[in-house]
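Computed from a prediction, not measured in an experiment: that's the story for all the values here.
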Amino acid sequence: FSTDTLNLARRFFYAFDYEHKGSLCLSDVHRAVNYAFLRDKAIPEPEEVEIVFDHLIQSRDHDKTDSPGDRLTVSEFLRLLFTLKSRGSLAV
């Protein structure tokens with residue numbers, strides 16, 4: 001990805017970080033996904049978003065002391081969006 005693309009992705013992420021924690025809770029992720037898919041015909045079901053969210057949380061190295069708990073980091077959030085895209089939820 002280009003620097004501009006990564007900067008845009010970060011700005012999009014932080015636009016939904018209402019608590020200014022540098023991470024997104026599940027409700028933040030739902031709002032961000034709904035906005036990201038606003039113009040698409042196929043919008044991911046909330047259950048699908050929750051499954052991917054939970055999988056990302058569970059796949060972490062839980063020995064890290066800087067883990068944001070039940071919140072997604074920027075890179076995890078991007079993985080969530082790419083996962084939803086790969087499942088056919090995001091029109092390219």
Side-chain angles (χ1 to χ4, degrees):
F1 294 107
S2 71
T3 302
D4 289 341
T5 301
L6 291 175
N7 287 336
L8 176 64
R10 280 189 204 98
R11 283 194 304 274
F12 181 78
F13 173 86
Y14 287 111
F16 292 94
D17 181 14
Y18 297 123
E19 297 177 40
H20 303 287
K21 291 186 174 187
S23 58
L24 300 180
C25 66
L26 181 57
S27 62
D28 294 337
V29 169
H30 277 297
R31 283 191 293 276
V33 167
N34 284 336
Y35 187 82
F37 291 85
L38 192 62
R39 294 187 178 172
D40 295 338
K41 291 181 182 178
I43 298 173
E45 294 293 326
E47 296 81 16
E48 183 179 11
V49 175
E50 290 169 18
I51 289 168
V52 177
F53 181 94
D54 289 340
H55 174 75
L56 289 168
I57 298 293
Q58 295 302 318
S59 64
R60 283 185 185 150
D61 179 3
H62 291 286
D63 294 332
K64 289 187 174 182
T65 57
D66 62 345
S67 175
D70 288 343
R71 300 174 67 87
L72 296 185
T73 63
V74 174
S75 61
E76 290 169 334
F77 176 70
L78 293 176
R79 286 176 51 202
L80 179 131
L81 289 179
F82 284 122
T83 299
L84 294 173
K85 177 189 179 296
S86 71
R87 291 182 178 185
S89 297
L90 180 62
V92 180

Identify whether Val74 and Tyr18 are in the same connected component of the hydrophobic contact network (ILVMFWY, side-chain heavy atoms under 4.5 Å).
yes
In chain order, what residues pass the ring-ring contact (aromatic ring centres under 6.0 Å, His included) check against Phe82, with sequence neighbours excluded?
Phe1
Who pairs with Tyr14 by ring-ring contact (aromatic ring centres under 6.0 Å, His included), at least two apart in sequence or on another chain?
none
Which value, rounded to the nearest 0.5 Å, describes the distance between [X] atom [atom1] and [Y] atom [atom2]?
{"X": "Phe13", "Y": "Ser23", "atom1": "CZ", "atom2": "OG", "value": "6.0 Å"}
{"X": "Glu76", "Y": "Thr83", "atom1": "CD", "atom2": "OG1", "value": "11.0 Å"}
{"X": "Leu84", "Y": "Ile43", "atom1": "CG", "atom2": "CD1", "value": "12.0 Å"}

Excluding sequence neighbours, so at least two apart, what forms side-chain hydrogen bond (donor to acceptor under 3.5 Å, both in side chains) with Glu47?
none
For [X], what residues pass the side chain to side chain contact (heavy atoms under 4.5 Å, CB included) criterion, not counting sequence neighbours?
{"X": "Phe53", "value": "Leu26, Val29, Ile57, Leu72, Leu80"}
{"X": "Arg79", "value": "Leu56, Ser59"}
{"X": "Ser2", "value": "Asp4, Thr5"}
{"X": "Arg11", "value": "Asn7, Leu8"}

Flag yes if more than 12 heavy atoms outside Tyr35 fall under 6.0 Å of its OH atom; otherwise flag no.
no
Does any N or O in the side chain of Asp28 come within less than 3.5 Å of the main-chain N or O of Cys25, such that one atom is a donor and the other an acceptor?
yes
Please report the C-alpha distance between Phe37 and Leu81 in whole Å, then the side-chain angles of each, then the deciding distance to 0.1 Å, and finally whether the side chain to side chain contact (heavy atoms under 4.5 Å, CB included) criterion is met.
CA-CA 10 Å; Phe37 291 85; Leu81 289 179; 4.2 Å; yes
Residues at least two apart in sequence or cross-chain that pass salt bridge (charged side-chain N to carboxylate O under 4.0 Å, His left out) with Asp17, listed by chain then number, are Arg71
Once salt bridge (charged side-chain N to carboxylate O under 4.0 Å, His left out) is applied, do any residues pair with Arg10, and if so which ones, sequence neighbours excluded?
none
Shortest non-hydrogen contact between Phe12 and Phe16, atoms and distance:
O-CD1, 3.2 Å
